[in-house]
Amino acid sequence: MSAASVADFAIKLVEALPQLITAGVDISNHVTQGVEMLRNMQRENRGPTRQEYEALRASNDRMHEEFQALGREDQQQDTGTDTLEGGADTTGTG
Amino acid sequence: MRQLRALSLACALALAGCATSTAPTGTAVPVVTASPTAPAFSDAQAGQAMVAARTGYGTALAAATAYGKLPTCSATQHAPCHDAALLRQLQKADAVAYAALDAADTILMQPALGTGARNSAVAAAQAALAAFVSLTGALK
């Protein structure tokens with residue numbers, strides 16, 4: 001590996017760091033909140049309240065839509081013939 | 001990304017399983033009101049399992065989204081980048097997991113369907129989630 005390619009990789013890695021750090025924080029927040037919620041419920045011998053569960057579900061919905069939108073952007077960059085199989089509207093309201 | 005993947009994989013799998021192993025035995029809590037503080041589900045243990053599953057799902061989604069936001073790999077764009085085909089696979093698995101979680105919610109909100117139906121719905125959601133999470137193992 002040449003010095004130039006190492007430098008190129010380092011620059012790209014540094015450029016990507018902010019979003020990787022953001023993702024790390026997101027992951028940490030999800031785990032912390034989930035564990036805290038579960039501990040409370042188990043201590044109190046109960047399931048989630050509607051408010052708790054709807055908040056978690058809304059967070060899932062928002063992230064799911066964001067992730068699926070990334071796919072649509074990628075497909076538009078492709079030939080335009082590849083569709084997302086099984087990816088029909090999954091935004092249910094249940 | 002590899003560290004993120006390892007972290008999310010471990011956390012998501014741990015969370016998906018913890019409610020079923022440590023939760024107290026199912027406690028039926030009658031749903032009598034739509035108040036925000038009312039139980040979301042009549043079965044406390046199933047509710048806890050769903051919280052664990054949805055937390056794990058969110059964790060895996062955060063890692064997958066971070067991967068998808070990297071530039072697309074190409075002849076001129078090398079790592080860190082995302083593989084377009086792998087991203088599509090992740091999206092399909094995400095769609096399946098999302099639908100399974102949604103279906104489980106619907107079934108759990110109908111106490112008349114009984115414990116067997118609730119357990120099956122939760123198990124199906126956990127299986128779909130596990131498939132999605134395991135796919136994040138291909139991220140690098």
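Keep in mind it's a predicted model, so treat the numbers as computed, not measured. Lettering follows sequence order; numbering is per chain, from 1.
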Hey, could you give me the [atom1]/[atom2] distance between [X] and [Y], rounded to the nearest 0.5 Å?
X	Y	atom1	atom2	answer
B:R54	A:N60	CZ	CG	5.0 Å
B:L61	A:E65	CG	CD	11.0 Å
A:M37	B:T55	CE	OG1	6.0 Å
A:R46	B:Q45	CZ	CD	15.0 Å
A:N45	B:Q48	CG	CD	7.5 Å

Transitively linked via ILVMFWY side-chain contacts under 4.5 Å: B:I107 with B:M50?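 They do not share one cluster, since no chain of ILVMFWY contacts under 4.5 Å joins B:I107 to B:M50.
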Determine whether B:M109 and B:L101 fall in the same hydrophobic cluster, where Ile, Leu, Val, Met, Phe, Trp and Tyr are linked whenever their side-chain heavy atoms lie under 4.5 Å apart. yes
Shortest non-hydrogen separation from B:A64 to A:F67 and the atoms involved: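 Residues B:A64 and A:F67, closest heavy atoms: O-CE1, 3.5 Å.
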Examine whether an atom of A:M63 lies under 4.5 Å from a heavy atom of chain B, and if so say whether it belongs to the side chain, the backbone or both; otherwise answer neither. both
Begin from the C-alpha positions of A:E66 and B:K69 and carry the test side-chain contact (heavy atoms from CB on, under 4.5 Å) through to its verdict. CA-CA 10 Å; A:E66 181 185 5; B:K69 282 184 175 177; 2.7 Å; yes
Starting from the C-alpha separation in whole Å, work towards a yes-or-no answer on side-chain contact (heavy atoms from CB on, under 4.5 Å) for A:M41 and B:V51. CA-CA 10 Å; A:M41 290 187 304; B:V51 167; 3.6 Å; yes
How are the rings of A:H64 and B:Y98 set relative to one another: parallel (under 30°), tilted (30 to 60°) or perpendicular (over 60°)?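 Rings of A:H64 and B:Y98: parallel, under 30°.
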Pair B:Q91-A:L70, side-chain contact (heavy atoms from CB on, under 4.5 Å): steps then yes or no: CA-CA 9 Å; B:Q91 286 160 349; A:L70 287 175; 4.3 Å; yes
